[in-house]
Amino acid sequence: MKILVTGGLGFIGSHTVVELQHEGFEVVIIDDLSNASIDVLEGITKITGTKPHFKALDLKVKADVQQFFEAHKDIAGVIHFAASKAVGESVQSPLKYYENNINTLVYVLQELSQLTHKNFIFSSSCTVYGQADELPISENAPVKPAESPYGNTKQIGEEIIRDACKVDQSLNSIALRYFNPIGAHSSAEIGELPIGAPQNLVPYITQTAVGLRDQLSVFGDDYPTKDGTCVRDYIHVVDLAKAHVVALQRLIASKNKSNFEIFNLGTGKGSSVLEVVKSFEKVSGTKLNYKIVARRDGDVTEAYAETTKASNDLGWKTELTLDDAMASAWKWEQKIRNK
Ligand code: UD1
């Protein structure tokens with residue numbers, strides 16, 4: 001079965017391509033290479049032994065999207081990762097984010113609706129919950145006003161899919177709300193490749209340890225949490241990737257309960273920033289240079305997932321630990337810097 005993965009050379013996309021190939025799917029990747037390297041294709045091929053099909057394509061160009069789908073009418077499902085994801089940049093360039101994340105989603109859905117098999121998986125985010133009133137956060141928690149244009153594109157994206165599913169009962173879709181994806185493939189052939197200074201915690205830690213950054217700034221230790229630092233649900237990217245395959249198989253086998261479903265993808269366990277630092281120090285056997293600084297604007301205090309729905313309905317739960325994720329992220333960082 002042929003599966004289209006948009007943004008398939010990105011961090012989560014590339015790990016998902018590997019898991020799809022492990023399950024025997026034929027994968028076609030579309031990526032515009034704006035935030036990913038073509039070398040990722042080699043990394044995937046080294047792991048699986050099979051080179052996925054690849055097309056460099058900008059999904060903002062509607063005519064190109066139409067042409068692509070015209071040539072691939074036999075697609076059995078689409079996993080749509082392609083999107084811009086830097087929160088700070090989205091505040092500076094909101095229209096770029098709406099064009100990149102919303103226009104492209106609409107074009108893909110328009111073409112998908114012409115296919116025989118209309119199975120669609122969407123990358124959403126726990127950012128839609130904002131600071132939830134109850135923890136762990138269930139899928140029924142209210143969606144809070146978005147803190148950034150990036151967050152808004154995820155909320156609007158879900159609404160667009162919901163509306164499209166209402167009028168087309170043969171369109172089957174699942175939105176996956178990721179908590180904090182971290183780590184790398186255990187082979188260190190693929191991993192996260194942030195451009196410039198990382199905004200996210202784990203790549204900042206590994207880049208500091210490898211000597212690219214002087215010091216990690218821990219944003220605030222006066223939150224009402226176990227040690228005063230923010231708490232998040234860090235999920236290993238390989239576990240996350242496997243959830244996409246399971247979600248897709250659910251749609252292909254028509255096991256979905258409605259034609260638009262939403263699942264949280266997290267471990268269910270909250271870890272503080274300092275616990276992540278400690279895990280890193282343990283698995284790497286190094287001391288990390290860090291200092292406590294002021295809080296970062298827009299950070300929520302605590303977010304971790306209620307995982308019951310994913311476990312009951314998808315039959316999926318995480319298998320890897322925070323230590324596994326930190327060890328794989330460290331192995332990957334060392335490998336790319338010693339190239
Ligand atoms: C961030 C985004 C979120 C997005 C997700 C994608 C913000 C406010 N939120 O989530 O919308 O979906 O990335 O991966 O940007 N931290 C430090 N020092 C650092 C970096 C981070 O202490 O140098 C702390 C943060 O304060 C936070 C935790 O580490 O408590 C995790 O931060 P990060 O990796 O940026 O993820 P989120 O902010 O949870």
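Here, residue 1 is the first one in the sequence, and each next residue gets the next number. As the structure lists them, so they are numbered: ligands from 1, and atoms in each ligand from 1.
When each atom of ligand 1 is checked for a heavy atom of Cys230 under 4.0 Å away, the hits are 30 (O). If you number the atoms of ligand 1 from 1 as listed, the ones under 4.0 Å from a heavy atom of Val218 come out as 22 (O). If you number the atoms of ligand 1 from 1 as listed, the ones under 4.0 Å from a heavy atom of Thr127 come out as 11 (O). The contact set between ligand 1 and Ser217, taken as ligand atoms under 4.0 Å from a residue heavy atom, comprises 17 (C), 18 (N), 19 (C), 22 (O), 23 (O). Near Leu216, with a cut-off below 4.0 Å to any heavy atom, the atoms of ligand 1 are 18 (N), 19 (C), 23 (O). Atoms of ligand 1 lying under 4.0 Å from at least one heavy atom of Ser125, given by number and element, are 12 (O). Shown in contact with Tyr234 at under 4.0 Å from a heavy atom are these atoms of ligand 1, numbered in order with element: 28 (C), 29 (O), 31 (C).
The ring of His244 has its center closer than 6.0 angstrom to the ring center of Tyr178.
Scanning the protein heavy atoms around atom 22 (O) of ligand 1, the nearest turns out to be Phe219 N, 2.9 Å. Given atom 25 (C) of ligand 1, the protein heavy atom at minimum distance is Asp299 OD2, 3.5 Å.
Because its NZ or CZ atom is both nearer than 6.0 Å to the ring centre of Phe122 and within 45° of the ring axis, Lys154 counts as a cation-pi partner of that residue. Judged by the 6.0 Å distance and 45° axis criteria, Arg295 is positioned over the aromatic ring of Tyr223.
A donor and an acceptor atom, one from each side chain of Asn101 and Thr153, are located under 3.5 Å apart. In this model, a donor atom of one side chain and an acceptor atom of the other lie less than 3.5 Å apart for Thr229 and Asp227. Using modelled atom types, one finds no donor on one side chain facing an acceptor on the other under 3.5 Å when comparing Asn172 with Asn259. Looking at Lys73 and Gln114, their side chains never bring a donor and an acceptor atom within 3.5 Å of each other. Tyr107 and Asp64 share no side-chain donor-acceptor pair at under 3.5 Å.
Within the set Arg296, Arg232, Gln199, the minimum heavy-atom distance to atom 32 (O) of ligand 1 is found for Arg296. Of the listed options Asn180, Val87, Ile292, Asn180 places a heavy atom closest to atom 37 (P) of ligand 1. Compare Asn200, Val273, Leu201 by their heavy atoms: the one nearest to atom 14 (O) of ligand 1 is in Asn200.
The proximity of Thr229 to ligand 1, defined as any non-hydrogen pair under 4.0 Å, does not occur for either the backbone or the side chain. Counting heavy atoms under 4.0 Å from ligand 1, residue Val276 does not touch it at all.
Ion pairing of Asp233 with Lys269 is absent here, as no side-chain N (NZ or NE/NH1/NH2) approaches a carboxylate O to less than 4.0 Å. Of the charged side-chain nitrogens involved, at least one lies within less than 4.0 Å of a carboxylate oxygen, so that Arg337 and Glu333 count as a salt-bridged pair.
Residue contacts with ligand 1: Tyr150 is included, with a non-hydrogen atom under 4.0 Å away.
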